[in-house]
Protein chains: 2
Amino acid sequence: MPRQADHDQRRHQIAEAVWRLAARRGLEDVTLRQVAAEAGVSVRLIQYYFGSRDALLLKALEILNHDAQLRARARVEALDDANTPRGVVRGVLMEMLPMDEERRTRHLVHVAYFVRFLWDENLAPIAAEAPPELERLLADLITWGQREGQVPADLDPLPEAEILLATADGLQTTVLLRQRTPEQALALLDRQLDRLFSAAPAPTRTPAPTPTPESPEAP
Amino acid sequence: MPRQADHDQRRHQIAEAVWRLAARRGLEDVTLRQVAAEAGVSVRLIQYYFGSRDALLLKALEILNHDAQLRARARVEALDDANTPRGVVRGVLMEMLPMDEERRTRHLVHVAYFVRFLWDENLAPIAAEAPPELERLLADLITWGQREGQVPADLDPLPEAEILLATADGLQTTVLLRQRTPEQALALLDRQLDRLFSAAPAPTRTPAPTPTPESPEAP
DNA sequence: CTCTTATTGATACGATCGAACCATAACCGA
DNA sequence: TCGGTTATGGTTCGATCGTATCAATAAGAG
């Protein structure tokens, strides 16, 4: 077999160019020529690796999500308080916020694809899979918090998880529009978490929920 | 002066075509020819009324927002419980949810424009004005609720308003993606409102905040 | 009736799009 | 060394884009 290039690396390089263009100007500017220029390759190479433009958009999104999942998992596991329910919940929600350029680009790409999710049947399943997974994950973490006595036992974990996720998603929008800093959004999320993890942080099982008033926090 | 047409009506007709196309397929499909076909007019007419495509996109969005504000105000004022703080807050938040085709289209248009808000300096101010206004409005309503003794007095109205708005916005996303019905989203919002309006609904001033545990609710 | 002008329609032009085709350089097993 | 597969670049083609130009229509004032 003749000279072999690292296909995955090549594909990744081109996919990154797609992300940058989509985040900067929207899908309208993700043309084969622009992607080629941004990635520093020829148009022909993009066709060689991805085929059509539709396939490129699809693959670039798949690579983005795959990448994001790996990085997110690593970040959550590297948290200082990865052994407390609240710490992990906070870490997961922080992945919804554009805390750095990587996450900002990722979310902008998702916004750029958004309308397409609704009519492109190849893209639809990709958009559909993530949220239910995250809801279940958060619900499990809240249940863990209840077992640890940090979350009031009478709360329903799944709806609470759904609300947390929606709140983080809504905060994300404002951060992307630069109407809030990531830190301000995180402070609001912490306030919401204060309400959820309102029971006494007992080291042993304390099934008696003792509601405490939340502490005010500067936005 | 020769025959006169209703300019505003004409502009509105064309703007509606822009909205439908943007909501259906994204800004990529908002071409002059497509808009002309969708509105049932000629390309020349669009140029006559709006000039360039950029001006069309800008004007169509302005008309959308102007329309939306009128309709939203009318809907909120027509509410059954427009005389209670909670009722008005709920009404305002419902405007964030795609409760009908009109609001669904409106929010989809906003999503389609989203990335453009970040680099088109003509569009940026339009996106920037609405959220702070809504936050102040909701904060005032919460303060009203505190005066009525329905909202715990120790809560900070502005951050609470910000969280409510973010939650509604996040729920909106899932409804647009048809991962939730508007009714399910509204049920989650009501759960959040239960937590905020947790004091006794006293007809007279009851400044003593008595925290009560929230009642579970089916999603 | 007619003339003027607001309003609408059809067409043309240069640019750019996605896609396809052809050519060639790089590489490795034989 | 050589043959053939793999990887890359350059160019062309028809379609469609936004925009500009050229006409035609319709209606009210005189």
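The basis for the numbers below is simple: all heavy atoms, side chains too, and nothing from hydrogens, waters or symmetry mates.
In the model, B:Gln13 has a side-chain atom that pairs as donor or acceptor with a side-chain atom of B:Arg10 under 3.5 Å.
Contact between the side-chain N/O atoms of B:Tyr48 and the OP1/OP2 oxygens of C:dT7 is found at a separation under 4.0 Å. Between A:His7 and the phosphate of D:dT6, there is no side-chain N or O to OP1/OP2 separation shorter than 4.0 Å. A sub-4.0 Å separation between OP1 or OP2 of D:dA7 and a side-chain N or O of A:Tyr49 is absent. In this model, the phosphate group of C:dG9 is not approached by any side-chain N or O of B:Arg44 to a distance below 4.0 Å at OP1 or OP2.
With sequence neighbours excluded, no residue forms a side chain to side chain donor-acceptor pair (under 3.5 Å) with B:Arg25. With sequence neighbours left out, A:Arg53 forms a side chain to side chain donor-acceptor pair (under 3.5 Å) with no residue at all. Remark: B:Arg178 pairs with no residue by the salt bridge (Lys or Arg N to Asp or Glu O under 4.0 Å) rule, at least two apart or across chains. Not counting sequence neighbours, the partners of B:Thr174 by the side chain to side chain donor-acceptor pair (under 3.5 Å) test are B:Arg180. The salt bridge (Lys or Arg N to Asp or Glu O under 4.0 Å) test applied to A:Asp140 returns no partner, not counting sequence neighbours.
In this structure, B:Gln47 places its CD atom 6 Å from C1' of D:dT19, rounding to the nearest Å. Spacing between atom CZ of A:Arg10 and atom P of D:dA7 amounts to 11 Å, rounded to whole angstrom units. In this structure, A:Arg53 atom CZ and C:dG18 atom C1' are separated by 9 Å, rounded to whole Å. Rounding to whole angstrom units, CD1 of residue B:Ile46 and P of C:dA10 are separated by 13 Å. We find that CG of B:Leu57 is positioned 9 Å from P of D:dG18, with the value rounded to whole Å.
Residue pairs meeting the ring-ring contact (aromatic ring centres under 6.0 Å, His included) criterion with at least one partner in residues 11-37 of chain B, sequence neighbours excluded, are B:His12-B:Trp19. For residues 167-177 of chain A, there are no salt bridge (Lys or Arg N to Asp or Glu O under 4.0 Å) pairs, not counting sequence neighbours.
Sorted by residue number, the list of members of residues 11-29 of chain B with any non-hydrogen atom under 4.0 Å from DNA chain C is empty. Of the residues in residues 31-43 of chain A, those with a non-hydrogen atom less than 4.0 angstrom from any atom of DNA chain C are A:Thr31, A:Leu32, A:Arg33.
In this structure a side-chain-to-backbone donor-acceptor pair under 3.5 Å is missing from A:Gln146 to A:Pro157.
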